[in-house]
> 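Below are the structure tokens for one structure; questions will follow.
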There are 2 protein chains.
Amino acid sequence: MPAPLMPREEVVRRLLEVFRGHGFDGASLAQLSKASGLGKSSLYHYFPGGKEDMARAVLEEVERWMAAHVLAPLAAPGTPARRLARMVKALDELYDGGRAACLLGNMLVGDARRLFRKPLKDAFGAWIEALASVARDAGMSATPARLWAEETVLSIEGALVLARGLDDPEPFRRVLRRLPGTLARS
Amino acid sequence: MPAPLMPREEVVRRLLEVFRGHGFDGASLAQLSKASGLGKSSLYHYFPGGKEDMARAVLEEVERWMAAHVLAPLAAPGTPARRLARMVKALDELYDGGRAACLLGNMLVGDARRLFRKPLKDAFGAWIEALASVARDAGMSATPARLWAEETVLSIEGALVLARGLDDPEPFRRVLRRLPGTLARS
DNA sequence: GTCTATAATAGGATAGAC
DNA sequence: GTCTATCCTATTATAGAC
């Protein structure tokens, strides 16, 4: 097929912003159409399965983004501190310094949770495992490494919730700032 | 007015379960009607402002619950450890050991966030301040106490997100188990 | 206070022309 | 691939009887 005016990837990225701001139930086709710049029919051309299909594509895009900007840096050569720092930088951009929500987190609300249970579980699981691997390379044994990894993801997710609740990105910025030290001290 | 068949408080509690499971956008009048056992028209009798009114009542109920089961125990006489333990017990029940979502957190998604910005901010703020007060009573100075309090709320919220993402309440249970120790060690 | 019935609108989805 | 027009259903909300 010929190259469309807008690459599918770009369409998906725009849909992502709607889903992450409004969740699955809250994202309407009207909003998705406006944000993507495509009419409803064009959206159905890209995503025959409708809204669920769009959300699935968005989740796959998140998986790809995570693989490239989180899992790969964490698994790359280098000191654990350096690998962790690369993830922190990527997350700081992804979440706009604490001002943007977590798509995965917002997909846990309502119908979406059971609809996308597996990809959500896999995404969190892969993230935790990649972090645990770094912690083991930093000298932790398996169990503490796993706990530190879960604690890390939990802190980031919690910080995003609190930042939105307090209307202040500072908790998120603090969590990211502190992260390197928790690896050394554990 | 005469006592209705079901106290308004009970109605609100049932609505709460719908909103906390589905968020604001995801909660439909049909679900709210079924969960409350009231017809749509009866719901509009209790809540003339419709869904927004229902959500507001639910948020007020959460504020009351927090005041009674979180703020009051934290401000009550007793050792800091004992006061904290009472909050932990209450939260463990509220969140069904990590199996239930946080209403406040789910209200941060979509339109609801700006609609209820103030009560949400106040609720998180009051919770944090009550915890900070306990921390100060435990010997921390103002700034560390505030940080510990924010960290505590953040961990609980993050744990609930992660527990739902992994489909496993263990992260939440761990956070609650660990909480008393963080007060002593900080 | 609660119900049945119904209005009015938004939402998701499709048809068919171009 | 994209658009306009349309369909059907669910959703929010109201009217009016009891």
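Chain letters run A, B, ... following the sequence lines, proteins first and then strands; every chain starts at 1.
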> How would you list all residue pairs meeting salt bridge (Lys or Arg N to Asp or Glu O under 4.0 Å) that involve residues 126-148 of chain B, not counting sequence neighbours?
B:R83-B:D137, B:E129-B:R136, B:R146-B:E150

> Near DNA chain D, counting only heavy atoms under 4.0 Å, which residues of residues 21-41 of chain B show up?
B:A27, B:S28, B:L29, B:K40, B:S41

> Which ones in residues 110-118 of chain B lie close to DNA chain C, meaning a heavy atom under 4.0 Å from one of its atoms?
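Within this stretch, nothing sits under 4.0 Å of the strand.
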
> Sort and list the pairs that fulfil salt bridge (Lys or Arg N to Asp or Glu O under 4.0 Å) and have at least one residue in residues 98-116 of chain A, not counting sequence neighbours.
A:D96-A:R99, A:R113-B:D167

> Check side chain to side chain contact (heavy atoms under 4.5 Å, CB included) between B:L147 and all other residues, then give those that pass, not counting sequence neighbours.
A:R174, B:T143

> For A:R173, what residues pass the side chain to side chain donor-acceptor pair (under 3.5 Å) criterion, not counting sequence neighbours?
A:E170

> Restricting to side chain to side chain donor-acceptor pair (under 3.5 Å), what partner residues turn up for A:D92, sequence neighbours left out?
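Expected list: none.
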
> Tell me, please, which residues at least two apart from A:Q31 pass side chain to side chain donor-acceptor pair (under 3.5 Å).
A:H22, A:S28

> By side chain to side chain donor-acceptor pair (under 3.5 Å), which residues pair with A:R14, not counting sequence neighbours?
A:E10

> If you look only at pairs with a residue in residues 34-55 of chain A, which of them pass as a salt bridge (Lys or Arg N to Asp or Glu O under 4.0 Å), with sequence neighbours excluded?
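Every salt bridge (Lys or Arg N to Asp or Glu O under 4.0 Å) pair that includes a residue of residues 34-55 of chain A, provided the two are not neighbours, is A:E52-A:R56.
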
> Check side chain to side chain contact (heavy atoms under 4.5 Å, CB included) between B:L94 and all other residues, then give those that pass, not counting sequence neighbours.
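Partners of B:L94 by the side chain to side chain contact (heavy atoms under 4.5 Å, CB included) criterion, ordered by chain and then number, come out as B:R20, B:W65, B:L91.
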
> Shorter than 3.5 Å, N or O on both sides, protein versus nucleotides 7-9 of chain D: list them out with atom names.
none

